[in-house]
**Q** 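Quick one: structure below, then a few questions.
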Amino acid sequence: MQITISDAVKYIGVDDKTIDLFESQYIVPEGVSYNSYVIMDEKIAVMDTVDKRGMEEWEKNLVRALDGRTPDYLVIHHLEPDHAGSIARLTELYPDVTLVGNAKTFSMLPQFFDLPSDGKTLTVKEGDTLSLGEHTLSFVMAPMVHWPEVMVSYESKEKILFSADGFGKFGALDTEDDDWACEARRYYFNIVGKYGNPVQTLLKKAASLDIQTICPLHGPVLKENLSYYLDLYNTWSSYEPEDEGILIAYASIHGNTGAAAKKLGEILEQKGAKKVVVSDLAREDMAEVIEDAFRYDKMIVAAASYDAGVFPCMQDFLHHLQSKAYQKRTVGILENGSWAPTAARTMRGLLENMKDITIVEPVVTIKSTMKETDIPSMEALADAILSA
């Protein structure tokens, strides 16, 4: 993939379009990119490597960019295998390269690689700089965005932020994508979302830098309208809703709860709801439903009772939300049960363990199938969540 950054800063990453699941859990129909860069100066710095799935192509890109020269440094911003998977190969190719990381980087590195004990390393901390000649890197620690060893670096001559997993997105770079936010949002909330406070800390540090280009470890290099991306990250990491809307997430065994959820969506739209999204947790990509849960300011969960609890895909969904620090939202509940409804009690218990969640009344209970007599209570729930 030919990507131009500048005369001195070269893109040497690769697209992976054959991967089935990113991190063995996220559907990536458009693939994913593993981004790596090299800064050519008096000294040469390679900025991260790539997943071993793309190592062969990355190695060719690296050798081509070096054009016979030898790299002096490998800067390791993040040790996760999709970015660090080719470190050992780089040290085989260039045994004299100096690995640059922080103290946590080097305490974790042996967990992944059996590197030569006499290898060169440079341990950096917050505010340290590394001169390459005309280009100078400054290091900013970003622990728990989203691993403890993460750091980012800022190149002052060309005003580039090498942002690690920050500002990354799903999707290979050779696919057309006019909506950066969609797959960036799904990526953020499912991978980084739990760590909003550390992201906020990093954004405050970044605010003092004159950034003209962002080079993430996944997704496109960002050069224009950077305030758009920074503002979205500020919204996402502060757990504020991005848009006004209502997600109805339902878990239905035989379709009856699904029918009630869809009817409730129609009622909300008739009553003037700006945006209603109805999602089937048993069949749709849960990562996308989680994305919508964070995107909108309100949610209704609708589920069948099951084994004296709630249908498993709803329990899984709420567990995912809790693990990603879902908060600051208004939620309504609809349950279905044939003889002893238990879904509402179970869902409420899970929601009450989350921060700043307001559960509106009434909780709607239907028995087996939705009937005309259920409509008034569904309308009351719609009125309550719209006015909340």
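These values consider heavy atoms only, across backbone and side chains, with no hydrogens, waters or symmetry-generated copies.
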**Q** Is the backbone of Asn336 close enough, under 3.5 Å, to the side chain of Ser305 for a donor and an acceptor to pair up by distance?
**A**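 A pair under 3.5 Å: yes.
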
**Q** Quick check: do Leu173 and Ile3 have side-chain heavy atoms less than 4.5 Å from each other?
**A**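 Yes - at least one pair of side-chain heavy atoms lies under 4.5 Å apart.
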
**Q** Does a sphere of radius 6.0 Å around NZ in Lys355 hold more than 12 heavy atoms from other residues, nucleotides or ligands, not counting ones at 6.0 Å or beyond?
**A** no

**Q** Could you give the distance from CG (Leu62) to CG (Leu90), rounded to the nearest 0.5 Å?
**A** 6.5 Å

**Q** Surrounding NZ of Lys223 (heavy atoms of other residues, nucleotides or ligands, distance under 6.0 Å), is the total greater than 12?
**A** yes

**Q** Between Phe189 and Phe294, does the ring centroid distance fall short of 6.0 Å?
**A** yes

**Q** State, with a plain yes or no, whether a side-chain heavy atom of Asp165 is found less than 4.5 Å away from one of Tyr188.
**A** no

**Q** Say whether Tyr34 and Asp48, considering side chains only, have a donor N or O and an acceptor N or O under 3.5 Å apart.
**A** no

**Q** Between Thr105 and Asn102, does any side-chain donor sit less than 3.5 Å from a side-chain acceptor?
**A** yes

**Q** So, Asp285 side chain and Ala287 main chain: donor-acceptor pair closer than 3.5 Å or not?
**A** yes

**Q** Could you tell me which residues satisfy side-chain contact (heavy atoms from CB on, under 4.5 Å) with Tyr306, sequence neighbours excluded, listed by chain and number?
**A** Ile253, Phe311, Pro312

**Q** Has Tyr37 got a side-chain atom pairing as donor or acceptor with Pro216's backbone, closer than 3.5 angstrom?
**A**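 Here the side-chain-to-backbone pair exists.
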
**Q** How long is the span from the CD1 atom in Ile5 to the CD atom in Glu155, to the nearest 0.5 Å?
**A** 11.5 Å

**Q** Hey, what do you get for CD1 (Ile248) to OH (Tyr250), rounding to the nearest 0.5 Å?
**A** 10.5 Å

**Q** Between Met144 and Tyr187, is there shared hydrophobic-cluster membership here, with clusters defined by ILVMFWY side-chain heavy atoms closer than 4.5 Å?
**A**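 No, separate clusters.
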
**Q** Looking at side-chain heavy atoms only, is the closest gap between Tyr154 and Leu137 below 4.5 Å?
**A**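 Side-chain contact under 4.5 Å: no.
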
**Q** Please check if the side chain of Lys298 supplies one atom and the backbone of Ile385 the other of a donor-acceptor pair under 3.5 Å.
**A**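 Side chain of Lys298 to backbone of Ile385, a donor-acceptor pair under 3.5 Å: yes, one is there.
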
**Q** Ion pair present between Arg186 and Glu183, side-chain N to carboxylate O less than 4.0 angstrom?
**A** yes

**Q** State, with a plain yes or no, whether a side-chain heavy atom of Val28 is found less than 4.5 Å away from one of Leu21.
**A** no

**Q** Does either side chain, that of Arg89 or that of Thr49, offer a donor lying less than 3.5 Å from an acceptor on the other one?
**A**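 Side chains of Arg89 and Thr49: no pair found under 3.5 Å.
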
**Q** Might you confirm whether atom CD of Glu56 has over 12 heavy atoms from other residues, nucleotides or ligands at distances under 6.0 Å?
**A**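 Counting neighbours around CD of Glu56, 12 or fewer heavy atoms of other residues, nucleotides or ligands fall under 6.0 Å, so no.
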
**Q** Any side-chain to backbone donor/acceptor pair from Lys17 onto Gly171? Under 3.5 Å, distance only.
**A** no

**Q** Do the side chain of Asn256 and the main chain of Gly258 share a donor and acceptor less than 3.5 angstrom apart?
**A**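 No: the side chain of Asn256 does not pair with the backbone of Gly258.
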
**Q** Hey, does the side chain of Asp67 reach the backbone of Arg64 with a donor-acceptor pair shorter than 3.5 angstrom?
**A** no

**Q** In terms of side-chain heavy atoms, does Thr235 have a donor or acceptor partner in Glu242 at a distance below 3.5 Å?
**A**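 The answer is no; no qualifying pair exists.
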
**Q** Give, for atom OG of Ser33 and atom CG of Asp15, the distance between the pair rounded to the nearest 0.5 Å.
**A**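 CG of Asp15 is found 6.0 Å from OG of Ser33.
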
**Q** At what distance, to the nearest 0.5 angstrom, does OH of Tyr326 lie from CD1 of Ile290?
**A**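 One gets 11.0 Å once the value is rounded to the nearest 0.5 Å.
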
**Q** Say whether, by atom type as modelled, one donor and one acceptor occur between the side chain of Ser86 and the main chain of Val50 under 3.5 angstrom.
**A**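 Answer holds: yes.
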
**Q** Return yes if some donor-acceptor pair links the side-chain N/O of Thr98 with the main-chain N/O of Tyr73 below 3.5 Å, else return no.
**A**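 Pair absent, no side-chain N/O of Thr98 close to backbone of Tyr73.
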
**Q** Would you mind checking if Arg185 and Glu291 are paired as a salt bridge, meaning a charged N to carboxylate O distance below 4.0 Å?
**A** yes

**Q** Could you tell me if the side chain of Val277 sits less than 4.5 Å from the side chain of Ile246, heavy atoms only?
**A**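 When only atoms from C-beta onward are counted, Val277 and Ile246 do not touch, as no gap falls below 4.5 Å.
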
**Q** CG of Asp7: more than 12 outside heavy atoms within 6.0 angstrom?
**A** no

**Q** Closest approach of Lys120 and Asp96, non-hydrogen atoms and distance?
**A**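 Taking every non-hydrogen atom into account, CD-O, 3.5 Å.
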
**Q** Just so I know, are the side chains of Met347 and Met314 near enough to count as touching, which here means a heavy-atom distance under 4.5 Å?
**A**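 When only atoms from C-beta onward are counted, Met314 and Met347 do touch, with a gap below 4.5 Å.
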
**Q** Quick check: Phe139 with His77 (ring centres under 6.0 Å apart)?
**A** no

**Q** Per the side-chain contact (heavy atoms from CB on, under 4.5 Å) rule, which among Leu99, Thr121, Val100 passes with Ile76?
**A** Leu99

**Q** Hey, are Asp243 and Arg295 close enough for a salt bridge, meaning a charged N less than 4.0 Å from a carboxylate O?
**A** yes

**Q** Show me the side-chain donor-acceptor pairs of residues 358-372 shorter than 3.5 Å, one per line, residues at least two apart or across chains.
**A**
from, atom 1, to, atom 2, distance (Å)
Glu361, OE1, Val363, N, 3.3
Glu361, OE2, Arg348, NH2, 2.8
Thr365, OG1, Glu335, OE2, 2.6
Ser368, OG, Ser338, OG, 2.9
Thr369, OG1, Lys371, NZ, 3.3
Lys371, NZ, Lys367, O, 3.0
Lys371, NZ, Thr369, O, 2.8

**Q** Strictly distance-based, threshold 3.5 Å: is any side-chain N or O of Glu149 a donor or acceptor partner for the main-chain N or O of Leu79?
**A** yes

**Q** In terms of ring plane angle, is the pair His146 and Tyr195 parallel, tilted or perpendicular, where the classes change at 30° and 60°?
**A**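 Because their plane-to-plane angle lies in the 30° to 60° range, the rings of His146 and Tyr195 count as tilted.
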
**Q** Determine whether the side chains of Asn190 and Gln25 contain a donor N or O and an acceptor N or O closer than 3.5 Å.
**A**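 Side chains of Asn190 and Gln25: no pair found under 3.5 Å.
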
**Q** Look at atom CG of Asp114 and say whether more than 12 heavy atoms of other residues, nucleotides or ligands are closer to it than 6.0 Å.
**A**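 Open.
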
**Q** Any carboxylate oxygen within less than 4.0 angstrom of a Lys/Arg side-chain nitrogen, looking at Lys275 and Glu244?
**A** no

**Q** Before accepting this row, confirm whether a basic side-chain N of the pair Asp297/Lys328 lies closer than 4.0 Å to the acidic partner's carboxylate O.
**A**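 Lys328 and Asp297: not salt-bridged.
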
**Q** Does a sphere of radius 6.0 Å around CG in Asp316 hold more than 12 heavy atoms from other residues, nucleotides or ligands, not counting ones at 6.0 Å or beyond?
**A**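 More than 12 within 6.0 Å, yes.
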
**Q** Less than 4.5 Å apart, any side-chain heavy atom of Thr123 and any of Phe106?
**A** yes

**Q** Is any side-chain heavy atom of Asp82 closer than 4.5 Å to one of Phe22?
**A**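 SC-SC contact between Phe22 and Asp82 confirmed.
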
**Q** Does CZ in Arg69 sit with more than 12 non-hydrogen atoms of other residues, nucleotides or ligands closer than 6.0 Å?
**A** yes

**Q** Quick one: CE on Met354 to OG on Ser323, what's the gap to the nearest 0.5 Å?
**A** 9.0 Å

**Q** Check the side chains of His218 and Asn35 for a donor-acceptor pair under 3.5 angstrom, ignoring hydrogens and angles.
**A**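 No, no side-chain donor-acceptor pair sits under 3.5 Å.
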
